[in-house]
Number of protein chains: 2
Amino acid sequence: MKTRFFYVGIRVRDMDRSIEFYTKFLGMKKKDHSRIEATKGDVVFLEPEEGQVGIELNHYDDDSRFNTKYVAGEGLDHLAFGVKDLDGALSEAGRLGYRVVEEVKTEKSRWAYVEDPDGLWIELVQSGA
Amino acid sequence: MKTRFFYVGIRVRDMDRSIEFYTKFLGMKKKDHSRIEATKGDVVFLEPEEGQVGIELNHYDDDSRFNTKYVAGEGLDHLAFGVKDLDGALSEAGRLGYRVVEEVKTEKSRWAYVEDPDGLWIELVQSGA
């Protein structure tokens, strides 16, 4: 079947807190904020660059049937972002109060994980972009 | 901070089963299969089109410290894919034994969710692409 991968939707417990993490720390742009009555949910779409695959933040009302008990879980292993200066990025994470949970070094590359406000692992990998 | 969103990494419990779902059902292309000794993990990268953001399947050895008990969780709300023919896609899911868990209709659009082999929700949305 032919499909087109559009975006990854993550669930957030506090929309403002997550918008701050993904826009101020990771530098993404907030594109839309929409309300979906069918799911009693709010959706904020973030995109890194025009036309690219982006990230959708999903928040559900207390009485939405999708507002199941939140467990970050293992399904989403991590979201990966390239950064030019990994050490600088990790310092900035620390300054903003985001926890660096892991650093990995192989012969070829170096990366680290920072927790987002809901405990999801965000990989930062040193790269040209 | 300037970053570039590279990909979403999901954790899978059975690599072959997940490769089948993402390539045969969703039509993605398998790009690389690599081994990372630092995490005792296997990684298969899938990309929909050259240069686009893709999906990484992560499998960890039994004795990897990342092989924590698997709970799909709420962190990953869904991965979204555009399809030309939603009804045809849902029939195909049924034929291949994948469960359709939800259908949503609003005035403007129509979409549905299919479970991947680990229980993650895959959104299929009717679109031109």
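Each chain gets a letter, A, B and so on, in the order its sequence line appears, and its residues count up from 1.
You'll find the side chain of A:Val100 stays beyond 4.5 Å of the side chain of A:Tyr113, heavy atoms only. Looking at B:Val83 and B:Val125, their side chains never come closer than 4.5 Å, going by heavy atoms from C-beta outward. In this structure, B:Val114 and B:Leu124 have side chains that are in contact, with non-hydrogen atoms separated by less than 4.5 Å.
Put simply, of A:Glu102, A:Glu92, A:Lys69, the one with the most heavy-atom pairs under 4.5 Å next to chain B is A:Glu102. Top candidate by heavy-atom pairs under 4.5 Å with chain A, chosen from B:Gly54, B:Gly27, B:Ala80, is B:Ala80.
Heavy atoms closer than 4.5 Å to chain B are found nowhere in A:Asp118, neither backbone nor side chain. Looking at A:Val104, the atoms closer than 4.5 Å to chain B (heavy atoms on both sides) all sit in the side chain, from C-beta outward.
Residues of residues 10-23 of chain B placed with any heavy atom under 4.5 Å of a heavy atom in chain A are listed by number as B:Ile10, B:Arg11. Using a 4.5 Å heavy-atom cut-off against chain A, the contacting residues of residues 29-39 of chain B are B:Ile36, B:Ala38.
The minimum heavy-atom distance linking A:Leu86 with A:Trp111 is given by the pair CD2-CA, 3.9 Å. In this structure, B:Phe25 and B:Ala89 approach most closely via the heavy-atom pair CE1-O, 3.7 Å.
Here B:Glu115 pairs with B:Arg99 under the side chain to side chain donor-acceptor pair (under 3.5 Å) rule; sequence neighbours left out.
For the atom pair A:Glu47 CD and A:Ile55 CD1, the distance stands at 11.5 Å (nearest 0.5 Å).
Using cut-offs of 30° and 60° for the angle between ring planes, the A:Trp121 and B:Phe66 rings count as perpendicular.
Although no hydrogens or angles enter the test, the distance criterion places a donor-acceptor pair under 3.5 Å between the side chain of B:Thr3 and the main chain of A:Leu26. In this structure, the side chain of A:Asp85 engages the main chain of A:Gly88 through a donor-acceptor pair within 3.5 Å.
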Distance-only donor-acceptor hits, side chain of residues 70-79 of chain B, under 3.5 Å, sequence neighbours excluded:
{"unit_1": "B:Glu74", "atom_1": "OE1", "unit_2": "A:Val71", "atom_2": "N", "d": "3.0"}
{"unit_1": "B:Glu74", "atom_1": "OE2", "unit_2": "A:Thr68", "atom_2": "OG1", "d": "3.4"}
{"unit_1": "B:Asp77", "atom_1": "OD1", "unit_2": "A:Tyr60", "atom_2": "OH", "d": "3.2"}
{"unit_1": "B:Asp77", "atom_1": "OD2", "unit_2": "A:Tyr60", "atom_2": "OH", "d": "2.8"}
{"unit_1": "B:His78", "atom_1": "NE2", "unit_2": "A:Tyr7", "atom_2": "OH", "d": "3.3"}
{"unit_1": "B:His78", "atom_1": "NE2", "unit_2": "A:Glu56", "atom_2": "OE1", "d": "3.2"}
{"unit_1": "B:His78", "atom_1": "NE2", "unit_2": "B:Glu123", "atom_2": "OE1", "d": "3.1"}

